[in-house]
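When a ligand or atom number is given, it counts from 1 through the structure's own listing order. Owing to the predicted nature of the structure, the values given are computational and were not obtained by experimental measurement.
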Amino acid sequence: MQKDFMAIAPHDAAVSEAAFVEQYWTRIWQSMGGPGKIPANLTRKPEYRALAPYLAKLPQGARILDGGCGLGEWAAQLAAAGFDATGLDISRETVAALKKALPGATFAVGDIRATGFPDNHFDLYFSWGVFEHFEEGLQPCIREAFRILKPGAHLLISVPFDSLRIQWIRSRRPVDAADPSRRFYQWRLTAKEIAGELARGGFENVEHQLIHVRQGLLRGLQHHLGLSHKWRFSRALSLALRPVAPPPVFAHMIVAVARKPG
Ligand SMILES: C[S@@+](CC[C@H](N)C(=O)[O-])C[C@H]1O[C@@H](n2cnc3c(N)ncnc32)[C@H](O)[C@@H]1O
């Protein structure tokens with residue numbers, strides 16, 4: 001597992017990790033206009049394609065948790081589809097806004113490392129881009145997921161993928177972890193590493209999918225060729241290259257599916 005770091009303002013250096021994560025994401029969601037402002041077509045997302053076969057096996061009213069729900073569009077759409085969907089997020093301001101904007105689903109403030117839900121409670125738990133955010137590693141999130149899932153239920157998570165492109169960059173220019181102008185941002189894992197983490201937490205590994213290849217291409221075009229990801233040209237080029245880009249080289253995220261035995 002590899003660490004990604006981010007540049008920070010000096011006053012952010014002393015903030016605790018949980019407070020930093022909460023403030024960081026609260027600011028991002030506010031800058032995007034808050035819940036309900038973004039038209040979400042979830043069915044086109046690769047995460048939805050990974051999730052769909054597992055949703056299809058569940059009855060109406062099945063209990064589903066979205067851990068680190070952000071703007072809440074997944075929980076809202078699953079609730080509208082007849083599931084008992086809960087969105088949990090560490091950002092108190094975001095959850096307060098979610099409760100007002102999206103009254104159809106249940107939203108709660110909480111930490112996915114200690115949710116407070118009962119044992120064996122959920123029929124499915126998914127979490128996109130959250131398990132990687134704490135420097136102590138993924139195990140506290142995985143252990144808690146194991147506890148609150150029913151035996152036989154599935155966990156689907158996406159985490160940053162340690163692609164061959166990123167490994168190559170690292171081999172040429174190692175990151176200075178002691179640089180005080182940066183702080184830990186997230187873990188980045190290979191397929192073998194995420195499977196190892198899930199197995200260590202008691203899960204059976206079911207499958208994995210490499211996703212967000214175009215995002216990795218856009219980052220690559222910017223990093224290696226200086227082509228800004230904001231330019232229309234870069235976007236067109238990444239679209240053209242997408243069908244021939246090998247996912248192990250360019251994928252930005254990995255979805256891992258695991259099952260609690262029983
Ligand atoms: C990368 S965003 C992903 C949001 C959403 N899952 C999506 O795919 O759009 C991470 C989200 O997880 C939340 N988060 C981070 N750490 C958390 C934790 N330990 N417990 C609950 N939520 C957390 C953040 O507040 C933020 O909303």
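In this structure, the side chains of His208 and Ile194 stay at 4.5 Å or more apart for every pair of heavy atoms. The closest side-chain heavy-atom distance from Trp25 to Ile90 is not below 4.5 Å. With a 4.5 Å cut-off on side-chain heavy atoms, Ile64 and Phe122 do not count as touching.
Closest to atom 20 (N) of ligand 1 among all protein heavy atoms lies Ile112 N, 2.9 Å. If you check which protein heavy atom lies closest to atom 10 (C) of ligand 1, you get Gly129 O, 3.6 Å. The protein non-hydrogen atom at the shortest distance from atom 17 (C) of ligand 1 is Val130 CG1, 3.7 Å.
A cation-pi arrangement is absent between Arg183 and Phe5 under the rule of less than 6.0 angstrom and at most 45 degrees off the ring axis. Because its NZ or CZ atom is not both nearer than 6.0 Å to the ring centre of Phe107 and within 45° of the ring axis, Lys99 does not count as a cation-pi partner of that residue.
Considering backbone and side-chain atoms alike, Leu88 places every N or O at 3.5 Å or more from each N or O of ligand 1. Taking any N or O of Gly68, backbone or side chain, at least one lies under 3.5 Å from an N or O belonging to ligand 1. For a threshold of 3.5 Å applied to N or O pairs, the pair formed by Ile90 and ligand 1 contains at least one separation below that value. The shortest N or O to N or O distance between Asp89 and ligand 1 is below 3.5 Å. Note: no N/O pair closer than 3.5 Å links Asp66 and ligand 1 by distance alone.
Taking the six-membered ring for Trp, His133 and Tyr185 have ring centres closer than 6.0 Å. Proximity of the aromatic rings of Phe184 and Phe134 is defined here by a centroid distance below 6.0 angstrom, and this criterion is not met.
With atom 9 (O) of ligand 1 as the reference point, the heavy atom nearest to it among Phe126, Trp25, Trp29, Phe131 is part of Trp29. In this comparison of Cys69, Ala75, Gly110, the heavy atom closest to atom 21 (C) of ligand 1 sits on Gly110.
With 3.5 Å as the limit, one finds no donor-acceptor pair spanning the side chains of Arg219 and His229.
A chain of hydrophobic side-chain contacts below 4.5 Å, direct or via other Ile, Leu, Val, Met, Phe, Trp or Tyr residues, connects Phe203 to Ile254.
Heavy-atom distances between Phe134 and ligand 1 reach below 4.0 Å in at least one pair. Taking a 4.0 Å cut-off on heavy atoms, Ser158 fails to register as neighbouring ligand 1.
Only the side chain of Val21 comes within contact range of ligand 1, with a heavy atom under 4.0 Å; no backbone atom does. Here Trp74 has no heavy atoms under 4.0 Å from ligand 1, in either its backbone or its side chain. Contacts between Trp128 and ligand 1, counted as non-hydrogen atom pairs separated by less than 4.0 Å, involve both the backbone and the side chain.
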